[in-house]
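Chain naming here is simple, since letters A, B, ... match the order of the sequence lines and numbering starts at 1 in each.
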There are 2 protein chains.
Amino acid sequence: MSDTPQQAGIELGLHASIVSVHRNEPHVVCVTAPDDPKGRDSLPFGIFTPLAHRTLEIGLRNWVEEQTGLSLGYVEQLYTFGDRGRHAREGDRGPHMVSIGYLALTLQTDIAKKHVRQRRWYDFFPWEDWRHGRPQIIETLIEPLLLEWCEQTLDSTAREHPLGRTERIRFLFGLNGSIWDEEKVLDRYELLYEAGLLEEAAIDGRTAAKAWDVLPELGRPMNHDHRRILATAMSRMRGKLKYRPLVFELLPPIFTLYELQKVVEAISGSPLHKQNFRRLVEGGGFVEATGEMKKSTGGRPAKLFTFRRAALVERPSPNRHVSAPKST
Amino acid sequence: MSDTPQQAGIELGLHASIVSVHRNEPHVVCVTAPDDPKGRDSLPFGIFTPLAHRTLEIGLRNWVEEQTGLSLGYVEQLYTFGDRGRHAREGDRGPHMVSIGYLALTLQTDIAKKHVRQRRWYDFFPWEDWRHGRPQIIETLIEPLLLEWCEQTLDSTAREHPLGRTERIRFLFGLNGSIWDEEKVLDRYELLYEAGLLEEAAIDGRTAAKAWDVLPELGRPMNHDHRRILATAMSRMRGKLKYRPLVFELLPPIFTLYELQKVVEAISGSPLHKQNFRRLVEGGGFVEATGEMKKSTGGRPAKLFTFRRAALVERPSPNRHVSAPKST
DNA sequence: TACGGTAATGCTCAATGTGAGCATAAATAA
DNA sequence: TTATTTATGCTCACATTGAGCATTACCGTA
């Protein structure tokens, strides 16, 4: 591949957010470059080579298998990122990189590879875990920092977004009685990035001269724009969870309803009402009792269940109307 | 760009599905190559050039403006398609093409350019318009052809999909009491493509020797995989419509509720209950009465409304819980 | 064996949302 | 004036959802 500026070609990077849940914590598979002194995390990733890979997804699977030894099951494309300036590599000459992000779901597996490990979601996004109430960090750090940023740069380049900055902050972080929308993981990440509060932003040169030190409390950084891709994956999962039985990809074939609930809570980042959750799941026909019981629950034994594959067919998106309404 | 096989680079195509609604019909902007004898439709489209375009979206906007004269408002990325074999160009040497599809919404505009025109959605997808009941074509053509296909190729490469073929057909086309899911535009298109019933499939060589003639009743074909991109756009719009106020991008600033309803129906392809629709829209705080009336309705005059931009902030995704449930 | 701890499970209730249709109001055209 | 056409108001049944009470069944320990 030539480096001459006039022939700046394109490289398509394939990035995987491989998600699994163990001990009630959602994880993502990370790799670290052997020669990286800081050992910063990356998502498994490789360049799409049309000669070697018949489709993008096959390319992704191959790369992931090569780098992590994992053979992926459920895979879904997320988004294609092409901004220059973000995740610019050192020289910034050479081919331009466009990244396609993917979401992959897998059961927990022990990964027996060096430089490959699973990391907890909420290490990267501490403000996203509301399972035990609103995270402290929002009030103590995020809110004041964001509001400060608001005043500093008053509408210099403000008019990019339809909402005013303060409004946007309130809205996204559930301030002043605004409600928390768990799906907006990406939007919140982008807001923090824009505000220059994340290490990635500093690296990309967004933080300009205005160098407040980047705080380690604002989550573990990743290489390039990988944390953004993970945020996209989380947003997608939290959204899709509500109308598609995604979770079953993350569970062993047999499980109790409580285990199921804990996985859903882990992903969505918010606590659920136990009785109502069972009602929903059982009533929706997603699961089928095996007849067996699990004894080691700590209390009364729990029925064991299996996922009903048939539910995939029966579940349409909500709000269906079969016959046309008659009224004029 | 070299043609030598070992250096098969990648070209990123940017494709726009530009949607507008006039006279209760959803349209998409199409271009025809001046030298194409058949005058087949394409979506406005161009190659991403990192040197010229700072972001993918900017690239898209530039290309669209150049080709159609339109300056786009709302734009949203859809999906990135990379299959080889589909939309293979003549020689099939040369750089591999990966297509990024975009959805753009615009008010109706008269386009004063040669080789650019707006075409009706349902000319491309006749089976998707259920506004006046189930389209004939499903029973008379699609169902029998698909079932025939089912028997012909009984599980040769069948196990790609989790559902059996017959099940899949029933499910997607609402056969035998299955309900019609309006959002599955892409899935239905893909099924017809797989079955070799579409002209695009014949061109890509999917129809093998099994040459039943491709039927013009199965919708107007487009170049390459453009009809697939349009199907993706339709799916996305129909889905998003339900939880985001997309329609307002397609309406003039002032409108009656009935006009609004007709646009929603045009997009979703299904009839709505008038009174309930108003209840939803008014109750949801999406609109605001201007105080003016429209007289030329054909009956009683109708109140005129405006879109309330504030609704963007107030509307979270449904199913929100603010406080953690107390029950153990 | 009785007892307290811990979950699992069953059930009720109120509030809200949704599909469907009746009835009335206010224009226009015959 | 009357028929026609649309806009708009309102009701009702039913499904869905959030929340909490009550009961059951296992454990370990006194």
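The separation between Glu259(B) atom CD and dT6(D) atom C1' is 12 Å, rounded to whole Å. Between Lys262(B) atom NZ and dT5(D) atom P there is a gap of 15 Å when expressed in whole angstrom units. Residue Arg278(B) contributes atom CZ, which lies 15 Å from atom C1' of dA23(C) at whole-angstrom precision. Rounded to an integer number of Å, the gap from Lys242(A) NZ to dG18(D) P is 11 Å. For the pair Leu272(B) CG and dG21(C) P, the interatomic distance rounds to 15 Å; values are reported in whole Å. For the pair Leu280(A) CG and dG18(D) P, the interatomic distance rounds to 9 Å; values are reported in whole Å. Here dG19(C) presents its P atom at 13 Å from CD of Gln261(B), a figure rounded to the nearest Å. Atoms CD (Glu282(A)) and P (dA8(C)) sit 13 Å apart, rounded to a whole Å.
Contact between the side-chain N/O atoms of Lys294(B) and the OP1/OP2 oxygens of dA26(C) is not found at any separation under 4.0 Å. In this model, the phosphate group of dT6(D) is not approached by any side-chain N or O of Lys274(B) to a distance below 4.0 Å at OP1 or OP2.
Qualifying side chain to side chain donor-acceptor pair (under 3.5 Å) partners for Asn176(A), counting only residues two or more places apart in sequence or in other chains: none. Applying the side-chain contact (heavy atoms from CB on, under 4.5 Å) rule to Ile111(B) yields the partners Val29(B), Leu70(B), Lys113(B), Val116(B), Gln118(B); only residues at least two apart in sequence or on another chain are considered. With sequence neighbours left out, the ring pair (Phe, Tyr, Trp, His ring centres under 6.0 Å) criterion links Phe248(B) to Phe255(B), Phe307(B). Every residue two or more places apart in sequence or in another chain that forms a side chain to side chain donor-acceptor pair (under 3.5 Å) with Glu265(B) is listed here: Gln261(B), Lys262(B). Scored by the side chain to side chain donor-acceptor pair (under 3.5 Å) test, Tyr79(B) finds no partners at all (sequence neighbours excluded). Every side-chain contact (heavy atoms from CB on, under 4.5 Å) that Arg119(B) has, sequence neighbours left out, goes to Cys30(B), Asp41(B), Arg117(B), Phe124(B), Arg220(B).
Side-chain contact check for Leu105(A) versus Ser20(A): every heavy-atom pair is 4.5 Å or farther apart.
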Reading nucleotides 23-30 of chain D from 5' to 3' and marking B where a protein heavy atom lies under 4.0 Å of the base, S where only the sugar-phosphate is that close, and - otherwise, the string is -BBB----
I'd like a list of close polar pairs between nucleotides 10-15 of chain D and the protein, N/O only, cut-off under 3.5 Å.
none

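Using cut-offs of 30° and 60° for the angle between ring planes, the Phe173(A) and Trp180(A) rings count as tilted.
For residues 297-306 of chain A, no pair satisfies salt bridge (charged side-chain N to carboxylate O under 4.0 Å, His left out), with sequence neighbours left out.
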